[in-house]
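Before any comments, here is the structure.
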Amino acid sequence: MTLPPGPTAPRAVQGAYALTQPLRGMRRLKERYGDAFTVNVPIFGNAVVISGAAEIKQLFTSGPEFADNLEVNLGRVLGSRSMFALSGEEHKRQRKLLVPPFHGRRLAAYEKIVEEETARELASWPEGRAFATLPSMMRITLNAILRAVFGAEGAEFAELRELLPPFVTLGSRLAVLPIPKRGRFNPWRRFERMRREYDAIVDRLIAKARAGEEDRDDVLSMMLQTRYDDGTGLSREEISDQLLTLLTAGHETTATTLAWAVERLRRHPALLAELEEGDPKLLDATILEVQRTRPVIDLTARQVKQDGFRLGRWTLPKGYAVLVSIALIHDDDAVFPRAATFDPHRFEGARPDLYQWIPFGGGTRRCLGAAFATMEMTVVLRTLLRDFTLVPTDEPGERWHSRGVAYAPAKGGRAIVRRRNTGGDS
């Protein structure tokens, strides 16, 4: 076996360093050891961190017999039938069923829902004083997913809107902290109680969808209609786990990216002025650049399934985790010239290489809802810029703040806005 160099401190020490200095620590390790290094940390154990474009592409294109899902990951909080828990052919089989709802006509149908939720939330925004936009973005994305994906309305909508934010927050913390499931005072007990509440609500939604009209556009209704090749449908457990997975993967991450977009735009007034002219291509490029410079998830991971797995310069043993550092490759000047500069124009007229620009992960495990999330961000920002003027600022950029799984702007993407239709700047 040929492993890259790395720190030799005990696992507990390396784990403490990873928790207290997550992004800065990665950059320091790259400066010391290069674009690949070996670590030993809780949750992942022995792991190789990579950030070189060629090795990332090789990992993402390797078959599941060589490198596949981590044995310990988000699946333990999202359920055994979640896409994060499945591997090999079972993962491929279920992913094939879940791709269609997020493309084409169905995706276009969800735009109206997102715009309605955005307009409803923006109506409460104050004028002329600073406020954090992240809570608003969280409400928009949560409500949009509950309507478009869960098909929720009425009592179920209200119950899920109250239950899911603390449920997902607790789950994201449990996913990154090595907390055992035993013990008298244990957060897992609260999590499992909330999970039972969630499953009961989903059971009611399934019953309503089965009794409803056939032309419903929500993802849950399509899940009930879809069939595997042998004619069988998705089980209640599969539907429940996948709905939770779609919500967890697409709610907080999308909302956080939107808060980062506000934070970035206020510090780039020339770009903001261009965007106010309504160029959709520049808006698309801006979203890509926000995701490049402020990725809300820093790592995507695989686990080596065969001894002697060759990955570029390295030969890895079975059981090792391979962690792809999204922030490190996005910050690489060799991949993105002047990487430290926020410049959406780099993406005008050119789509990013999906083995180098990887906020949604990559390969067969690239985020299922990537197209849905992109649509959401486009609609929210388009509506915001149509109805409001964002007041620029010369304050320093907001620091990165870890919320468990996602990295958010430390002050919540603070904004000062003026309405366009009430005599504000235009």
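With sequence neighbours left out, Phe131 forms a ring-ring contact (aromatic ring centres under 6.0 Å, His included) with Trp125. In terms of the salt bridge (Lys or Arg N to Asp or Glu O under 4.0 Å) criterion, residue partners of Glu263 (sequence neighbours excluded) are, by chain and number, Arg267. Partners of Asp331 under the side-chain hydrogen bond (donor to acceptor under 3.5 Å, both in side chains) rule, at least two apart in sequence or in another chain, are Arg27. Residues meeting the ring-ring contact (aromatic ring centres under 6.0 Å, His included) test with Phe309, sequence neighbours left out: none. Listed by chain and number, the residues in a side-chain hydrogen bond (donor to acceptor under 3.5 Å, both in side chains) with Glu111 amount to none (sequence neighbours excluded). Arg95 is linked by a side-chain hydrogen bond (donor to acceptor under 3.5 Å, both in side chains) to nothing, counting only residues two or more places apart in sequence or in another chain. For Arg292, the side-chain hydrogen bond (donor to acceptor under 3.5 Å, both in side chains) test picks out Glu289, with sequence neighbours left out.
Evaluation of the salt bridge (Lys or Arg N to Asp or Glu O under 4.0 Å) test over residues 354-363, restricted to residues two or more places apart or in two chains, returns none. The salt bridge (Lys or Arg N to Asp or Glu O under 4.0 Å) contacts involving residues 1-20 comprise nothing, where partners must be two or more places apart or lie in separate chains. Sequence neighbours left out, the pairs with a member in residues 146-162 that pass side chain to side chain donor-acceptor pair (under 3.5 Å) are Glu116-Arg147, Glu117-Arg147, Glu156-Arg204, Glu156-Lys208, Glu159-Arg204.
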For residues 84-92, tabulate all N or O donor-acceptor pairs below 3.5 Å that involve a side-chain atom, not counting sequence neighbours.
{"unit_1": "Glu90", "atom_1": "OE2", "unit_2": "Arg81", "atom_2": "NH1", "d": "2.7"}
{"unit_1": "Glu90", "atom_1": "OE2", "unit_2": "Arg81", "atom_2": "NH2", "d": "2.6"}
{"unit_1": "His91", "atom_1": "NE2", "unit_2": "Arg365", "atom_2": "NH1", "d": "3.2"}

Per-pair distances, 0.1 Å, donor-acceptor, side chain in residues 29-38, under 3.5 Å, sequence neighbours excluded:
{"unit_1": "Asp35", "atom_1": "OD1", "unit_2": "Arg313", "atom_2": "NH2", "d": "2.7"}
{"unit_1": "Thr38", "atom_1": "OG1", "unit_2": "Pro4", "atom_2": "O", "d": "2.7"}

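Residues Phe372 and Leu107 have side chains in contact (heavy-atom distance under 4.5 Å, counting atoms from C-beta outward).
Partner of Phe66 under the side-chain contact (heavy atoms from CB on, under 4.5 Å) criterion, chosen from Gln306, Lys305, Arg302, Gln58: Gln306.
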